[in-house]
Amino acid sequence: MSWRLGTGLLALLAICLVPALAGAVVYLNHLRAMALRDAYREADLVALGTSDRLRWLLQDAEAMLASVAGRPLVRKLDPTACDPILAEFRAISPAFKTLALRLTDGRSLCSELTQPPSQESVAASPWFQAAIRQPGFHASDGHLGVVRQEWTVRLTHPVKDASGQTLALLITPLDLLQLQERLFAQLPASNVGAVVDAANRVLVRSTRQDERAGKPAVEAVAQVIDALRQDAGHAGVQVSVSRQFAEIGIDGVRRLYAVRTVPMSNWVVVCGLPEEETLQDYYATRNRSLAVILAVLVLASLAAWRISRGIRLPILGLAAAARSVARGDLLPRAPEAGPTEVRDVAREFNSMVVATVEARERLSASEREYRTLLQNLPVAVVSHASNGAVELFNDRACALLRMTPEQMGGTAADSPVWHFVDAQGERVQPRDYPVAQLLHTRLPLSPQTFGIVGADSPVAHTWVLVTGYPQLDGEGRLLHAVVAFVDISAQHDAEQLRRAKESAEAASQAKSDFLSRLSHELRTPLNAIIGFTQLIRMDPQLQAERRAQLGHVLGAGEHLLSLVNQILDISRIESGQQEVETQPVPLAPLLENCIAICRPLAQAAAVVLEVAGPVPGEADLVSLHVQAEPTRLRQVVMNLLSNAVKYNRPRGTVRLAVRQDVAGGEGPDVHVDITDTGIGLAPPQLERLFEPFNRVGAERTSVEGHGLGLAHSRALARSMGAEITVTSQPGQGSCFTLHLHRAGHPAAGQRPARVL
Ligand code: ADP
């Protein structure tokens, strides 16, 4: 059940106040009852006093009339003796106005009235009839006097003979105005007093006597009086009984009435006190009490409202702050107001929010660090959700996959932009992708190598080593599948290269082995051919023609043997079978010897062979020693010189020069330039210049050759740690340079890496 604080407090207030209010009402009712009781008692006292005074008056009248009736003169009923009788009566009671003596038949014997009512009218009067029937004193009901036409009451007493027989009646009227004066003179104006007769007609009234005399009492009053008469009947005539009631009087004022019988008569005294005035004290007390109750109610309501507001507002503030926090807005704070308990709760809540803010800041800082770390890792990282969607990635992942962050964000594990290939270049199915394996097995992945193939090329642009691990929660559910890629393209290429080199070396070795064996196989029969040809030529009987023919055979055989030897030499050098022992070789004599050998060839080709004059600073050329194997060095120089002559033009020049590097370095420091002014070589020719049997176009000329000289020379040079380079201008000439190490050079004697 939900309820509001205000409603609850009001209910609590009601629970506390309702019994208090009920008690107050009971108390006020009790007070009212007490006040009413007191008021009725006061009214009854007034009625009792009036009743008593009336009784005393009637007792006086009875005593007076009895005293007169007992006189012998009266009992004689002598009309002539009236004067003495009346004189005596007057002497006894001056209070009574007139006295009359009438016989039971109504005849008047004595009367103070000058014109007494007639016998008939009196005899017929109800009051006279009633009086005759009474054994003693009688107070009549009210009636209209015949003489004065005023409402009056007759007090009568019988005059009896010795046997107790009523002979006559002594009659005296009661002056009602005088009676009113006597009864109600002291009565306060607001009170009402009245005497009613047996017929419930008003005899005397404290106010408006003239108007009300002889009028019937108000109906409600008459009913109470009838009930009172019944009470009196039970109680006896001599005892005054009373009743109380409240009624609105003829003047419209509500009064508290007390009615009392009057002993010695059938009359009833009615006394009324105005309720308002009589209960004034009660009303004042009641009003004060009501004011106090109202004040308490108002104060209690105000206090409840204030308490409710004092609790409700901070709690509403707290609830608003809590809603903001729930929405992720940590700025609002709960108001620290209201009762201590609520304030403590607000303070605790605010502390919690501050702690949350600090924790969030720490988390953000940690996340920034984590992201920085992630971004700066030399590894590409991609974290996938359990449905395979990409959740987190670093720049390196974008770079490796060649995707923009927008393309990466939210994409599934497999993308149309790229795909994986295995080490053999076969396309990997998406179900075998690392992330798919992780999602399926939920086990860490062992490193696997994949190639990443983009949309623009069918071959892998990057090779990666992929690992991955699943992030599980405490119950073993997969939260993330994290995949890490390391770029191993360089290693992969190096490996590929190594394998290619190995296979090439293996192929080269096989070729060299083949050539070596082949050369061996060829040399044996060639030597036989050359030997036997030389033997046959020694025959003196051989015809000149045959001798010339055998000369051709011998020349061809020697040429072939030279070729085979060169091939054998190249293959031995390349296969590393031939160890070369280098030594300091004086360069100048060797070069001079080579030039001397080539000079006839040059002269035959009309080519000038010249040696460059001594260069300044190179005067030590004479003593220059290079690290080489002399025979091979000679072979190389000879080959370069003969080529410079062969591929020169008539009257061309071949120039030999030696340069030395002054500053010491790692590389060769002695350079032998053989420059010609021949046909020169174009760049495409230069590229293939050192390939065996490739004459780069010379095969279409008349220059003889077999395309092995340069290949052999380079192999020989390299076997000594030297090198041959060439520069050329087509049509202008070429410059072949042999780079050598000066003897004593640190690198001299080192075998260079084998070049294929
Ligand atoms: P060959 O037996 O043909 O001379 P080489 O191996 O010595 O074989 O030379 C290969 C080719 O290089 C030659 O056929 C020639 O075309 C070219 N060549 C060599 N030396 C020169 C040079 N000095 N000037 C122009 N071309 C040259």
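What you see is a predicted model, and the numbers here were worked out from it, not measured in a lab. Whatever order the structure lists ligands and atoms in, that order sets their numbers, starting from 1.
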Heavy-atom donor-acceptor pair, [X] side chain to [Y] backbone, under 3.5 Å:
X	Y	result
R547	D539	yes
D673	T675	no
Q627	H741	no
Q375	D395	yes
N394	V381	yes

Closest protein heavy atom to [atom], given as residue, atom name and distance to 0.1 Å:
atom	result
atom 19 (C) of ligand 1	N643 ND2, 3.4 Å
atom 22 (C) of ligand 1	Y647 CB, 3.6 Å
atom 23 (N) of ligand 1	D676 OD2, 2.9 Å
atom 16 (O) of ligand 1	R695 O, 2.8 Å
atom 6 (O) of ligand 1	L710 N, 2.7 Å
atom 2 (O) of ligand 1	H706 N, 2.9 Å

Legend entry - Ligand-residue contact atoms, ligand 1 with K646, heavy atoms, under 4.0 Å: 1 (P), 2 (O), 4 (O)
Inset, instruction - Using distance alone, with no hydrogens and no angle criterion, decide if D487 and S489 have a side-chain donor and acceptor under 3.5 Å apart. - result: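 A pair is found: one side chain offers a donor N or O, the other an acceptor, under 3.5 Å apart.
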Legend entry - Exercise: do R546 and Q549 side chains pair donor with acceptor under 3.5 Å: yes
Applying a strict 4.0 Å limit to heavy atoms, is [X] in contact with ligand 1?
X	result
G678	no
F690	no
A644	yes

Inset, instruction - Give the contacting part of N648 toward ligand 1: side chain, backbone, both or neither, where contact means a heavy-atom distance below 4.0 Å. - result: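 For N648, there is no contact with ligand 1 at all, from either part.
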Inset, instruction - Check L708 against ligand 1 and report side chain, backbone, both or neither, counting heavy atoms closer than 4.0 Å. - result: backbone
Inset, instruction - Assess whether side chain to side chain contact (heavy atoms under 4.5 Å, CB included) is satisfied between V421 and H419, documenting all intermediate values. - result: CA-CA 7 Å; V421 293; H419 64 266; 3.9 Å; yes
Inset, instruction - Just go through N694, V696, T677 and tell me whose heavy atom is the nearest to atom 10 (C) of ligand 1. - result: N694
Short N or O distance, [X] and ligand 1, threshold 3.5 Å exclusive:
X	value
I679	no
L689	no
G705	no
E704	no

Legend entry - Identified side chain to side chain contact (heavy atoms under 4.5 Å, CB included) partner of S719 from the options D569, I570, V580, T582: V580
Inset, instruction - Would you mind telling me which of L591, L716, L587 makes a side chain to side chain contact (heavy atoms under 4.5 Å, CB included) with L633? - result: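 Result for side chain to side chain contact (heavy atoms under 4.5 Å, CB included) with L633: L587.
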Legend entry - Close side-chain approach of V636 to F736, heavy-atom, < 4.5 Å: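 No. Closest side-chain heavy atoms not under 4.5 Å.
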